[in-house]
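Worksheet for the structure shown next.
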There are 4 protein chains.
Amino acid sequence: MDCSDKKECREKKAAIIQATVELVGEHGFHGAPMAMVAERAGVAAGTIYRYFENKDALITGTYKDLEERLQAKVLQGFPEQGTPREKFFHFARVLVKWWIASPVDFRFVEQFHNSPYGVAQRRDKLLGKQRNLCWDIFHEALEQQGVKDLPLPILFGLTFGPLILISRDHNHGFIALDDTMIEQTIEGCWNAVKR
Amino acid sequence: MDCSDKKECREKKAAIIQATVELVGEHGFHGAPMAMVAERAGVAAGTIYRYFENKDALITGTYKDLEERLQAKVLQGFPEQGTPREKFFHFARVLVKWWIASPVDFRFVEQFHNSPYGVAQRRDKLLGKQRNLCWDIFHEALEQQGVKDLPLPILFGLTFGPLILISRDHNHGFIALDDTMIEQTIEGCWNAVKR
Amino acid sequence: MDCSDKKECREKKAAIIQATVELVGEHGFHGAPMAMVAERAGVAAGTIYRYFENKDALITGTYKDLEERLQAKVLQGFPEQGTPREKFFHFARVLVKWWIASPVDFRFVEQFHNSPYGVAQRRDKLLGKQRNLCWDIFHEALEQQGVKDLPLPILFGLTFGPLILISRDHNHGFIALDDTMIEQTIEGCWNAVKR
Amino acid sequence: MDCSDKKECREKKAAIIQATVELVGEHGFHGAPMAMVAERAGVAAGTIYRYFENKDALITGTYKDLEERLQAKVLQGFPEQGTPREKFFHFARVLVKWWIASPVDFRFVEQFHNSPYGVAQRRDKLLGKQRNLCWDIFHEALEQQGVKDLPLPILFGLTFGPLILISRDHNHGFIALDDTMIEQTIEGCWNAVKR
DNA sequence: TATGAATGAGGTTTCATTCAT
DNA sequence: CATGAATGAAACCTCATTCAT
């Protein structure tokens with residue numbers, strides 16, 4: 001944990017995180033015992049505890065890592081000067097495409113949000129304690145009166161709720177999303193909140 | 001199991017289901033070991049197995065029970081002769097109000113949908129194998145060209161996705177939904193799909 | 001138990017014994033829980049306890065019933081006036097044919113002998129406390145000096161040991177015993193002890 | 001499991017096997033719960049599962065261990081150049097002496113043969129899939145026409161059946177085998193099959 | 001007398017975590 | 001630092017037995 005400057009350590013931690021994402025994504029929290037995570041990561045069981053205090057920390061840390069990677073992806077080509085609408089469209093596109101390109105990542109995130117761990121995360125985000133892009137976009141939109149004057153959680157719900165469900169259905173094979181459908185859905189989301 | 005005609009047995013089964021909903025809703029699947037379910041239901045551990053073959057059957061059976069109770073609630077005052085829009089509004093209202101009135105029920109349903117159990121359920125519903133009110137509403141709307149010509153999963157996603165998220169946020173205390181806000185959100189959902 | 005004069009009771013007890021033989025014979029002691037025995041016998045679980053004090057008594061009682069039925073079979077056509085050799089041949093023939101005609105009976109008896117229950121039974125038989133045909137045959141043979149002067153258990157071992165094993169192998173399908181082979185084996189057994 | 005090169009591990013596995021033999025031998029399969037095996041072996045319950053996948057594997061593995069030890073004993077002083085008769089006598093002597101010297105070993109083997117596990121073992125042995133000394137002896141004898149032309153299972157039955165029974169009776173205290181009696185019995189066995 | 005639902009002790013197995021090497 | 005064998009609490013489930021009906 002405190003050897004994050006050494007390359008070998010960083011690689012080992014990355015392997016552990018990747019193994020966690022895969023196993024939780026594939027089989028749920030039940031199907032990801034520490035020993036199995038260790039095996040898939042190519043390290044010994046005890047080694048995980050040098051990087052994460054316990055299993056809870058492993059799960060939370062893995063989620064944070066995914067979130068950071070998402071942030072990085074969203075920032076690529078982000079229309080800093082665009083309207084909130086354009087910003088939202090960019091954000092939503094990246095999000096959905098990431099989820100359907102990496103089903104295990106998506107599954108992990110879903111599992112996480114639906115577990116006790118997830119609640120605290122969500123609280124920080126909604127209350128703006130942990131500022132992020134998403135929060136900024138809607139604040140700007142509210143100020144410019146581009147969206148209805150609703151509480152942030154409702155705006156989030158109306159926009160991201162659908163994106164989550166359709167990504168899930170795509171990954172389960174219930175629909176086959178293509179660019180057009182994705183675009184239509186994002187449009188629908190925006191229609192739900194635009195003024 | 002086969003004593004469903006006796007009042008005592010029905011009460012016992014109901015107690016087991018209630019205990020399951022509460023414990024899973026409060027602490028997740030992890031936090032609902034059979035022994036604890038039994039204790040809260042006021043029965044012996046072995047007794048559960050007279051009503052449910054194993055833990056999986058207990059979870060699935062509990063979900064089905066919740067679903068049936070929802071159906072019953074929705075049917076009360078259902079606008080059989082109304083437009084699809086009116087039907088959807090009725091359905092959505094009942095759904096959200098139930099969820100925020102019974103947070104443990106909502107939490108259980110959420111957990112369920114995010115578990116392997118949930119996928120099969122959802123598949124049946126989306127493919128129309130297990131016809132239900134919800135499916136009927138959108139089919140009628142599609143025929144009357146009242147909603148956009150999108151695949152069912154996307155229509156569901158656009159409409160129920162937000163309802164799920166805002167109910168979650170309400171239960172977590174991030175927002176305090178009142179009738180007006182609920183109505184506005186449902187309106188937003190419909191805007192997302194209406195033609 | 002104390003209603004052995006009523007026909008219905010006798011039939012019920014017989015059904016319980018038959019169910020016990022079958023289940024133990026088919027799946028071993030592990031595979032014969034009381035509830036299953038009851039179900040196959042067509043009675044309620046609690047009913048068994050009116051006929052047998054507990055599971056041990058059920059097993060022991062079932063064994064005794066089988067033994068009595070064997071005795072009855074052996075006595076049919078028994079060469080009372082014959083030589084010990086003829087008597088042994090008759091006994092052995094009946095035994096082997098019964099075992100290969102009723103594999104479950106045989107399996108039950110085997111299981112029984114190899115369980116703690118069996119030891120006491122065998123003790124009584126060998127020590128002559130519980131006199132029986134078999135014991136009589138060899139005593140007569142010893143007196144007439146038709147067989148070697150060996151302790152009874154050894155004479156039993158040399159004669160019945162093989163019969164047990166070949167019956168087992170037949171029932172497992174390793175060999176297909178016919179009358180000739182049975183006769184040859186019995187002959188071999190007698191050769192092992194004859195003077 | 002994969003630490004069989006370390007002395008400590010080998011000792012631990014041996015302790016588990018020994019505990020299994022003793023408990024099954026003394027009290028049957030019923031009387032050997034994993035927790036008790038662990039306690040007697042001086043390890044924690046979970047430790048057994050590092051060496052054996054489950055209880056079945058423990059039982060089967062223990063049997064194989066006993067068989068290997070028997071093989072080793074038989075090979076000491078084995079009359080490679082002797083006649084089949086001499087070889088059989090050697091084999092039988094070692095067998096009986098081992099059984100009456102180690103009653104728990106004998107009891108374990110008996111229990112094993114009478115369980116579902118045992119059938120597969122026996123099948124392999126009789127069909128020659130798993131070649132062994134015993135099988136070789138009788139094949140040689142058949143070729144040299146030293147024994148009657150009977151199916152292998154019958155030859156085995158006629159020779160080992162008695163040995164098993166008398167060992168059992170000795171261990172139960174019904175007879176007290178001495179070298180002479182053992183020799184006489186083995187002689188009897190051979191007489192049963194010799195041409 | 002017969003029933004069968006209920007009991008709860010006890011069985012097998014898993015797995016997060018520790019610690020000697 | 002890394003290892004992975006060992007731990008033992010705790011999970012799920014079975015089943016002999018009882019007892020109200």
Side-chain angles (χ1 to χ4, degrees), chain A residues 1-3 6 8-9 12 30-39 42-58, chain B residues 1-3 6 8-9 12-13 29-39 42-58, chain C residues 1-3 6 8-9 12 30-39 42-58, chain D residues 1-3 6 8-9 12-13 29-39 42-58:
Chain A
M1 190 126 212
D2 39 6
C3 68
K6 287 191 200 162
E8 198 194 319
C9 281
K12 213 163 263 184
H30 271 70
M34 296 299 263
M36 208 180 281
V37 171
E39 194 191 20
V43 300
T47 304
I48 299 178
Y49 288 85
R50 303 215 127 283
Y51 296 89
F52 300 95
E53 200 186 336
N54 52 33
K55 197 172 182 181
D56 280 14
L58 171 63
Chain B
M1 193 136 205
D2 38 6
C3 67
K6 283 189 198 162
E8 202 193 319
C9 282
K12 213 159 264 185
K13 189 173 182 181
F29 286 111
H30 268 72
M34 296 301 264
M36 209 181 279
V37 171
E39 194 190 20
V43 300
T47 302
I48 299 178
Y49 291 86
R50 292 205 64 72
Y51 296 89
F52 301 95
E53 201 185 337
N54 50 35
K55 195 172 182 179
D56 279 14
L58 171 63
Chain C
M1 189 127 211
D2 39 4
C3 66
K6 286 191 201 161
E8 198 195 321
C9 281
K12 214 163 263 188
H30 271 70
M34 297 298 265
M36 209 181 281
V37 170
E39 193 191 20
V43 301
T47 304
I48 299 179
Y49 289 84
R50 301 210 125 303
Y51 296 88
F52 301 95
E53 200 186 337
N54 52 32
K55 195 172 184 179
D56 280 14
L58 171 63
Chain D
M1 194 139 205
D2 39 5
C3 68
K6 284 191 200 162
E8 202 193 317
C9 281
K12 211 158 264 184
K13 189 173 182 181
F29 286 110
H30 267 73
M34 297 301 263
M36 210 180 279
V37 170
E39 193 189 21
V43 300
T47 303
I48 300 178
Y49 291 85
R50 290 204 65 73
Y51 296 90
F52 300 95
E53 202 185 336
N54 52 34
K55 195 170 185 180
D56 279 14
L58 171 63

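Naming: A, B, ... by sequence-line order, numbering from 1 per chain. The structure presented is a predicted model; accordingly, all values stated were derived computationally and were not measured.
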B/S/- contact track for nucleotides 9-14 of chain E, protein heavy atom under 4.0 Å: --SSBB

Distance in Å, T47(A) OG1 paired with K12(A) NZ, rounded so as to fall on 0.5 Å steps: 6.0 Å

Atom-to-atom span, CD of E39(A) to P of dA16(E) - whole angstrom: 14 Å

A57(A) to F52(A) - nearest heavy-atom pair and separation: O-CD2, 3.5 Å

Protein-nucleotide distance (E8(B), atom CD; dT21(F), atom P), rounded to Å: 8 Å

Touch class at under 4.0 angstrom, heavy-atom based, for K6(D) against every strand present: nothing

Separation of atom OH in Y51(A) from atom C1' in dC1(F), rounded to whole Å: 8 Å

Base-pairing string, 5' to 3', of DNA chain F - Watson-Crick or wobble, under 3.5 Å, | interstrand: .||||||||||||||||||||

L58(B) CG to dC12(F) P, straight-line distance once rounded to whole Å: 10 Å

Between C1' of dT17(F) and CD1 of I48(C), the distance in whole Å: 11 Å

Whichever of V43(A) and G31(C) has its nearest DNA chain F nucleotide further upstream toward 5': V43(A)

Closest approach of P33(C) to G31(C) (non-hydrogen atoms, all atoms of both residues): CD-C, 3.3 Å

Nearest-angstrom distance from the residue atom NZ of K13(B) to C1' of dA6(E): 17 Å

Non-neighbouring partners of D56(C) that pass side chain to side chain donor-acceptor pair (under 3.5 Å), sequence neighbours left out: Y117(C)

Between P of dC13(F) and CZ of R50(B), the distance in whole Å: 16 Å

Check: V37(B) and K55(B) side chains under 4.5 Å, non-hydrogen atoms: no

Heavy-atom pair of closest approach, residues Y49(A) and N54(A): CE2-CA, 4.0 Å

Heavy-atom closest contact (A45(B) atom, A38(B) atom, distance): CA-CB, 3.6 Å

